[in-house]
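Only this structure's heavy atoms are used, side chains among them; waters, hydrogens and symmetry mates stay out.
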Amino acid sequence: MLARISFICLFMLQLHVALAQPDLSGAGSLLEKNQKALGKTVALVWKDGKIIYQKEIGADFNAKSPAPVAASTQWLTAAVVMTFVDEGRISLDDPVGKYIPAFNKYMKSYLTVRQCLTHLTGFEREKGLSAKLGFGRKYQTLEDQVNDLASKEISNNAGEAYFYGNYGPAIAARVIEIVGKKAFERLAAERVFRPCKMRNTNFGFDGKSPNPGFGAQSTANDYLNFLVMLLNGGSFEGKKVLSEEAIKELHRAQLGSEPVKYKPEAVAQFDVTLGAYVQEKDAAGNNKVISCPSLGGTWPYIDFCRKYAAIIFVEEAKNEVKKDIALQFKEKVDEALGECQ
């Protein structure tokens, strides 16, 4: 009799847990419907301390499979830079010429670290994704790459116009190389990747200069850990990676009335933050959703209102992938999770 009662209690407990889980089948159906456009894909949703949804589409590709994250790299780079801001070793408004003499030599001493992370450098660059992914391959070091950039002609004075590209993140990364006296790849690993258990995330091209704007490789699990750290106010599993003040600055809208010369269609309507974008605001104008689309299919985002993090992670960057799939995916997740908390 006692055993029967225990069995019934266990069954009721399992039923309660099952009923409490949000139904995210609609999100999965959406991804399956768009499998041809996305290719091999992993989707993860994290909330309340655990992954509440995981979908893997395509053979031999799962949440532990590494793949390039293209423009989603810039969120990672900005976070690494902010660890130095937290320590007071640099300021976002420091001129880069303070650290890289070549910028003083070529009359670009007024360019700041903040402007590098918000695409206000004055440099213009090819608009194609392939050109951005290959940026830096002809250089052996980030030092060589950035010193060469310093000599290039600018189209506008720094801070006067927005032109999306990969020059700015590279310059900011070189600044912290100089201050930290280590290679950028090592700084990223020590300060962000290892504390967040991002064991399969890295920069670089097999000994070539890293590409801090478009060159990171990661996994769905790893990048989700990064999002969880940001959602948790800069902490991951009890380790402090960034201060709450740094998180606020990282996700604050940075632009004013600067003219936009080029901004990818996927983020054209989003406000610019440091390395990412304000995807949604609430009725009071506060930042609600922050994202950093890769421009090739991968789409990581954090919903601070509903307190969850999610990522659509694709194996291969594809120019033709539109933001509609990612926005529809978020709508399905939001429907399942309900209103803001």
Side-chain angles (χ1 to χ4, degrees), residues 9-35 37-38 41-57 62-63 72 75 196 220-237 244 247-248 250-253 266-267 269-271 273 276-294 297-314 321-341:
C9 290
L10 179 61
F11 173 78
M12 294 301 293
L13 177 61
Q14 292 174 335
L15 179 63
H16 175 74
V17 171
L19 292 174
Q21 286 289 99
D23 180 10
L24 290 161
S25 59
S29 297
L30 173 71
L31 296 178
E32 290 173 352
K33 179 182 177 182
N34 290 281
Q35 181 177 0
L38 291 169
T41 305
V42 175
L44 301 174
V45 179
W46 185 98
K47 183 174 172 59
D48 297 331
K50 61 183 183 295
I51 293 175
I52 62 170
Y53 178 75
Q54 180 167 335
K55 180 75 172 179
E56 297 173 350
I57 299 175
N62 57 51
S72 298
W75 211 351
C196 292
N221 275 344
D222 277 12
Y223 209 108
L224 185 70
N225 285 356
F226 174 71
L227 299 178
V228 169
M229 179 273 291
L230 298 176
L231 179 60
N232 287 338
S235 295
F236 184 80
E237 295 185 353
E244 292 188 11
I247 298 294
K248 290 178 182 177
L250 191 65
H251 296 153
R252 183 175 67 83
V267 296
Q269 304 305 315
F270 300 165
D271 286 342
T273 69
Y277 300 88
V278 181
Q279 183 171 316
E280 295 179 29
K281 293 184 177 182
D282 63 21
N286 300 312
N287 293 349
K288 179 179 175 182
V289 178
I290 303 293
S291 66
C292 188
S294 73
T298 290
W299 195 295
Y301 71 90
I302 303 171
D303 189 322
F304 287 97
C305 187
R306 293 181 177 83
K307 297 180 174 57
Y308 78 90
I311 186 169
I312 298 173
F313 190 89
V314 303
V321 174
K322 303 298 183 182
K323 68 178 180 181
D324 298 353
I325 300 172
L327 298 184
Q328 290 172 30
F329 176 84
K330 185 180 185 305
E331 287 178 3
K332 298 293 185 183
V333 175
D334 292 352
E335 288 173 6
L337 298 182
E339 296 300 319
C340 290
Q341 299 176 0

Partners passing side-chain hydrogen bond (donor to acceptor under 3.5 Å, both in side chains) against [X] (at least two apart in sequence or in another chain):
X    : answer
K281 : D271
T273 : none
N232 : none

Let me confirm one number: the [atom1]-[atom2] distance from [X] to [Y], rounded to the nearest 0.5 Å.
X    : Y    : atom1 : atom2 : result
S72  : L227 : OG    : CG    : 9.0 Å
I311 : Y301 : CD1   : OH    : 10.5 Å
I57  : N62  : CD1   : CG    : 13.5 Å
N225 : L230 : CG    : CG    : 11.0 Å
L31  : E56  : CG    : CD    : 12.0 Å
L44  : L224 : CG    : CG    : 5.5 Å

Please name the pair of heavy atoms, one in [X] and one in [Y], separated by the smallest distance, quoted to 0.1 Å.
X    : Y    : answer
I325 : A37  : CD1-CB, 4.2 Å
A63  : V42  : N-CG2, 3.8 Å
Y308 : A310 : CE1-CB, 3.9 Å
V267 : P293 : CG1-CG, 3.7 Å
G233 : I247 : C-CG1, 3.9 Å

Would a distance-only check, ignoring hydrogens and angles, find a side-chain to backbone donor-acceptor pair under 3.5 Å from [X] to [Y]?
X    : Y    : result
Y53  : G28  : yes
N287 : H251 : yes
K47  : R306 : yes
T41  : V314 : no

Tell me whether the rings of W75 and F226 are parallel (<30°), tilted (30 to 60°) or perpendicular (>60°).
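Judged by the thresholds at 30° and 60°, the geometry between W75 and F226 is perpendicular.
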
Within 6.0 angstrom of E32 CD, more than 12 heavy atoms from elsewhere
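Yes, enclosed.
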
With heavy-atom distances below 4.5 Å as the criterion, would you say the side chains of [X] and [Y] are in contact?
X    : Y    : value
I51  : W46  : yes
K288 : C340 : yes
I302 : V289 : no
Q279 : L327 : yes

Could you tell me if K55 sits above the aromatic ring of F329, with its cationic atom closer than 6.0 Å to the ring centre and no more than 45 degrees from the axis?
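Here K55 fails the 6.0 Å and 45° test against F329.
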
Using the side chain to side chain contact (heavy atoms under 4.5 Å, CB included) definition, which of the options V45, D303, I52 pairs with V333?
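Option passing the side chain to side chain contact (heavy atoms under 4.5 Å, CB included) with V333: V45.
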
